[in-house]
2 protein chains.
Amino acid sequence: MTSDTRAKMVAGAADLMSRRGVNATSMREVVRHTATPRGSISHHFPRGKQQLIEDAVVFAGRQVSGPLEHLVQSRGAIAGLRTFIALWRQTLEKSKFQAGCPVLAVAVEQYVNDATEKDGAPDEAAQQHLLDLADGVFADWQRIMFTALRREGVAPARARRLAALVIASTEGTVAMCRAARSAQPLEDVRQELELVLSSALAK
Amino acid sequence: MTSDTRAKMVAGAADLMSRRGVNATSMREVVRHTATPRGSISHHFPRGKQQLIEDAVVFAGRQVSGPLEHLVQSRGAIAGLRTFIALWRQTLEKSKFQAGCPVLAVAVEQYVNDATEKDGAPDEAAQQHLLDLADGVFADWQRIMFTALRREGVAPARARRLAALVIASTEGTVAMCRAARSAQPLEDVRQELELVLSSALAK
DNA sequence: GTGAAGTTATGACGATCGTCATAATCGAAA
DNA sequence: TTTCGATTATGACGATCGTCATAACTTCAC
């Protein structure tokens, strides 16, 4: 059994990142928030905070792609869209609009670490790797939508564009809902996206 | 004439926020980046970093709403959409996909300031005010799109939803483009949004 | 030229940060 | 039970952070 502590830290980091962003999530708060031993950080994450963030991004990605892939395969693209949006709506409402998407946080911020970057210049390789991981998560979600649309008869190029629209607009809307402390934008966008998808499927 | 230093600081803060996010943007870096005197911070911004961020959000909002409102009024909703997306595309490409949207950064992060929050709990009022400002900027952009759609015959409720879709999806796509270091998602989303709008206008 | 008000220069303060080194503790094979 | 590796406890290090106090420097009306 791989350490339970490690998993709690990763999940806690993902949660904190979704509420505060990458840079405002300190390792000390992760251990406080998850009631895990501080001394274990360097043991479970030899590459430090960078590694913890990386794992949190992958974790958050799977947390969504799991249910999404399942629903899409059993009930199709439109159900997938509804699931995707419903998942984010839950996250927003359960946290009283405090939590958003940790992957989006990585895509918006720049990870800076004063301890590792002695020369003042941010570690470009580290930042690029984080962006690659975030991009990979987005690509994975898009792939699921893309496959569903293809299976239901949408042409490849169109399916790619529609998948991009669904993921991007949902991510943007989640952030807007957080700013507005309201799920109204998500409901509006869901409605329009359903129209778009069903019109594309009808052809 | 209101100090030129102050304006440079606000613009510099907005730029840094769009590249690094709110919390990774330090006042010392704003000063370095804009070649402004550090001693002037507390003079021009008596409420400190909080005030600087606030001004940067409003500044960034106007920077977009100005051109957007102009183009929308002279050439209509679809031209407005194209302008909105082209603006962000410029920001992305000119910065080699380093800069995104500073307002989105505020909507995604939580502003934490160790100096002001002695008790460990983040200043909730400050954070709420920042979210209100970000929400206001998004609402302003939506209002411009909404008005254009209304003028071109779209029903109120539909116009509201479409405006939300345009703003939210563009914001989300900008972040995705930053993660992917590519403008492809923006192009894909633009294409689909144009289809949606022109179909809504045709009715 | 003399003030006064508007700016800027500079260094300090307390706090948090990520990381590391060292020592203590635990768990299970021998 | 002893021993050894995995895990945790704890405190220190150097760095940056936002803010503030104080003093110096401008600018310009009078």
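Because only heavy atoms are used, hydrogens play no part in the values below, and waters and symmetry mates are left out as well, while side chains stay in. Note on naming: letters A, B, ... go to the chains in the order of the sequence lines (proteins, then strands), and numbering restarts at 1 for each one.
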To the nearest 0.5 Å, tell me how far A:Arg89 CZ sits from A:Thr173 OG1. 12.0 Å
Could you check how far CG of A:Leu52 sits from P of C:dG18, rounded to whole Å? 10 Å
Looking only at D:dA12, C:dT16, D:dG18, the nucleotide nearest the A:Arg28 side chain is D:dA12
Within this structure, what is the CG-to-C1' distance between A:Leu16 and C:dC17, rounded to whole angstrom? 15 Å
For A:Gln51 and A:Asp55, which I'm curious about, is there any donor-acceptor pair between the side chains at under 3.5 Å? no
Taking atom P of D:dA15 as reference, at what distance in whole Å does atom CG of A:Asp114 sit? 11 Å
Taking B:Thr91 for its side chain and B:Leu87 for its backbone only, find out whether a donor-acceptor pair lies under 3.5 Å. yes
Can you measure B:Arg47 atom CZ to D:dC20 atom C1' for me and round it to whole angstrom units? 17 Å
In whole angstrom, what separates B:Phe45's CZ from D:dG18's P? 13 Å
Check the phosphate of D:dA9 against A:His43, side-chain N and O only, distance under 4.0 Å to OP1 or OP2. Yes or no? no
Reckon B:Ser40 has a side-chain N or O less than 4.0 Å from the OP1 or OP2 of C:dT7? no
Close N or O pairs between protein and nucleotides 21-26 of chain D (under 3.5 Å):
none

Which atom of B:Gln98 lies closest to which atom of B:Arg178, heavy atoms considered: O-NE, 2.8 Å
Between B:Gln73 and B:Arg151, is there a side-chain donor-acceptor contact under 3.5 Å, judged purely by atom types and distance? no
Whole angstroms only, please: what is the CD-C1' distance between B:Gln50 and D:dG18? 12 Å
Starting at atom CG of A:Asn23, determine the distance to atom C1' of C:dG18, rounded to an integer number of angstrom. 12 Å
With a 4.0 Å cut-off, would you call B:Arg47 and B:Glu54 a salt bridge? yes
B:Met27 side-chain proximity, nearest of C:dT16, C:dC17, D:dG18: D:dG18
Could a donor-acceptor pair under 3.5 angstrom be found where the side chain of B:Arg38 meets the base of C:dG11? yes
Can you see whether A:Asp132 engages A:Gln128 through a side-chain donor-acceptor pair at a distance of less than 3.5 angstrom? no
Please determine if a side-chain N or O atom of A:His44 lies less than 4.0 Å away from the OP1 or OP2 oxygen of D:dT8. yes
Check whether any side-chain N or O of A:Thr5 sits under 4.0 Å from OP1 or OP2 of D:dT8, and answer yes or no. yes
A:Thr36 near the nucleic acid: base, sugar-phosphate alone, or nothing, with a heavy-atom cut-off under 4.0 Å? nothing
Does the side chain of B:Asn113 get closer than 4.0 angstrom to OP1 or OP2 of D:dC17 through an N or O atom? no
Whole-Å distance between C:dG18 P and A:Arg32 CZ? 10 Å
